[in-house]
Amino acid sequence: MYPLFSAIITVYNKEKWVARSVTSVLNQAETNLELIIVDDGSTDGSMNIVSKFDDPRIKIVRKSNGGLPSARNAGIEVAEGSYIAFLDADDEWLPWHLTTTLKAFESHPDAVIVGNRYIEIQSADPAGPTDHGIACPESWYVEKLDNYIKMIASDRFLFWVCSGVIAKSALDRSGELFDTDLSIGEDLNFFIRMSLFGDIYLSDVVSVIYHRCDNNSMMNYSGQKPKVTPDFFKGVSIDKMSKENLRHARKFMFREHLKRGYQNRSLTFSFRELSQNNYVVAPGATGQLAYVIVRFMPEFLLRAIISVKHKFSV
């Protein structure tokens with residue numbers, strides 16, 4: 001008998017957090033699941049901790065280190081469930097995560113993805129608290145997402161890879177996997193491609209905790225090189241995109257390019273930051289100019305401009 005859900009946890013040197021993540025899956029109210037733990041070549045004690053869990057639903061996949069996209073793909077390849085759900089090894093699901101998404105799929109069999117909400121917590125304690133005072137609502141709404149690309153273009157990220165559950169039938173039909181050439185933004189790229197194959201439904205249930213710790217915070221730039229804006233639309237056929245989606249895509253890339261410019265301000269400049277000629281959807285000349293302005297403009301002047309813009313936009 002095949003499991004209903006395939007939960008995939010990818011692990012690379014997460015010994016401080018992995019027990020919490022694994023426990024949160026095994027404690028799901030929906031017990032008809034398999035837990036696929038992909039060891040992406042960990043060199044710490046992560047897998048020693050995993051080995052202490054005695055549960056027949058656990059399946060371990062070992063591979064050499066290849067990064068998060070390849071680790072998730074390795075989990076997908078052995079998944080036998082009707083629905084696939086991902087969880088990072090330092091985050092956690094609340095006990096009703098799978099039951100609430102299942103009800104949404106049952107009510108909307110056309111759904112490719114069902115996304116629950118999540119909350120972000122800055123965890124001082126590496127293990128983090130597991131009691132967040134959040135309860136499963138007695139009732140909730142599920143609505144069809146009008147347009148995923150429009151949503152992210154509006155800077156609204158209502159769910160992310162660890163709070164979205166994917167119908168395996170849609171995954172098999174589309175043939176889509178995570179792009180192993182992307183080290184940043186691979187999850188958004190995956191969802192963008194999947195959104196073009198069917199409908200996404202969104203609930204208002206909070207069922208996932210995203211733990212932001214000092215070691216995985218994007219704001220910890222010590223010793224880093226400047227990051228290049230990812231090609232979020234890599235693998236997407238422009239010819240198959242509507243004019244509306246293409247407009248939203250350009251808006252999204254422009255916004256993300258400016259974000260990257262601001263994040264890179266304290267780092268040594270590299271011309272790689274501007275090399276996007278082969279992007280499916282590029283920020284364009286205007287985006288490149290805006291990037292340079294945001295990247296190098298004095299902080300006080302940049303804040304003044306933002307303040308004036310905000311004043312006239314409200």
Side-chain angles (χ1 to χ4, degrees), residues 1-11 17-38 50 53 55-61 71-72 75-76 78-121 128 130-145 158-172 187 190-191 194 198-211:
M1 181 178 177
Y2 292 116
L4 192 58
F5 285 93
S6 293
I8 299 174
I9 296 179
T10 55
V11 181
W17 303 277
V18 67
R20 177 182 63 198
S21 178
V22 171
T23 299
S24 77
V25 174
L26 298 179
N27 285 347
Q28 287 295 296
E30 174 55 66
T31 59
N32 187 7
L33 62 87
E34 64 175 353
L35 171 53
I36 301 168
I37 300 176
V38 182
V50 168
F53 286 89
D55 193 305
R57 296 175 294 174
I58 294 178
K59 181 190 298 184
I60 295 178
V61 176
R72 286 177 178 153
I76 292 173
V78 300
E80 297 182 310
S82 299
Y83 305 102
I84 296 179
F86 300 97
L87 182 62
D88 291 343
D90 49 3
D91 298 318
E92 63 180 310
W93 288 342
L94 296 174
W96 51 87
H97 179 59
L98 297 183
T99 56
T100 52
T101 54
L102 178 60
K103 289 182 179 180
F105 275 113
E106 290 174 341
S107 300
H108 305 281
D110 58 322
V112 170
I113 298 169
V114 170
N116 277 0
R117 305 299 178 97
Y118 67 96
I119 62 170
E120 181 178 325
I121 292 179
T130 55
D131 181 9
H132 308 286
I134 303 171
C136 181
E138 294 183 2
S139 62
W140 59 90
Y141 74 83
V142 177
E143 63 179 355
K144 181 179 175 180
L145 190 60
L158 301 180
F159 71 98
W160 108 106
V161 67
C162 294
S163 67
V165 178
I166 305 159
K168 191 173 187 295
S169 59
L171 203 58
D172 293 339
D187 49 353
F190 176 74
F191 278 133
M194 286 300 299
D199 295 326
I200 296 177
Y201 285 81
L202 184 67
S203 88
D204 64 341
V205 177
V206 175
S207 64
V208 183
I209 309 297
Y210 171 35
H211 290 273

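As the structure is a prediction and not an experimental result, all values here were calculated from the model.
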>> How close do Ile209 and Ile134 get, counting heavy atoms only, and between which atoms?
In response: CD1-CD1, 3.9 Å
>> On a heavy-atom basis, which atom in Ile8 and which in Gly75 lie closest, and how many Å separate them?
In response: CD1-C, 3.4 Å
> With side chains defined as the heavy atoms from C-beta onward, is the minimum distance between Glu30 and Leu4 less than 4.5 Å?
Replying inline: yes
> Mind checking what makes ring-ring contact (aromatic ring centres under 6.0 Å, His included) contact with Phe190, not counting sequence neighbours?
Replying inline: Phe178
>> Checking side-chain contact (heavy atoms from CB on, under 4.5 Å) between Phe159 and each of Val165, Leu202, Asn116, Val208, which is the one that passes?
In response: Leu202
>> Test of understanding: with ring-ring contact (aromatic ring centres under 6.0 Å, His included), list the residues that count as partners of Trp160, not counting sequence neighbours.
In response: Tyr118, Tyr210
> For residues His97 and Gln28, is any side-chain donor paired with an opposing acceptor at under 3.5 Å?
Replying inline: no
> Can you name the side-chain hydrogen bond (donor to acceptor under 3.5 Å, both in side chains) partners of Glu34, sequence neighbours left out?
Replying inline: Ser6, Lys59
> Which atom pair, heavy atoms only, marks the closest approach of Phe191 to Val161?
Replying inline: CE1-CA, 3.4 Å
> Picking from Asp110, Leu145, Thr101, what satisfies side-chain contact (heavy atoms from CB on, under 4.5 Å) with Tyr201?
Replying inline: Asp110
>> Taking side-chain hydrogen bond (donor to acceptor under 3.5 Å, both in side chains) as the definition, give me every residue that meets it alongside Glu80, ordered by chain and number, with sequence neighbours left out.
In response: none
> What pairs with Ala170 under side-chain contact (heavy atoms from CB on, under 4.5 Å), at least two apart in sequence or on another chain?
Replying inline: Val112, Ala167, Arg173, Met194
> Do you know which two heavy atoms are closest between Pro3 and Asn32, and how far apart they sit?
Replying inline: CA-OD1, 3.4 Å
>> Minimum heavy-atom separation for Ala111 and Phe105, please, with both atom names.
In response: O-CE2, 3.7 Å
>> Between Val25 and Leu33, is the side chain to side chain contact (heavy atoms under 4.5 Å, CB included) condition met? List the steps.
In response: CA-CA 9 Å; Val25 174; Leu33 62 87; 4.1 Å; yes
> Any side-chain heavy atom of Arg57 within less than 4.5 Å of one from Thr31?
Replying inline: yes
> side-chain hydrogen bond (donor to acceptor under 3.5 Å, both in side chains) with Thr10: which residues, sequence neighbours excluded?
Replying inline: none
> What's the shortest heavy-atom distance between Trp93 and Cys162, and which atoms?
Replying inline: NE1-O, 3.1 Å
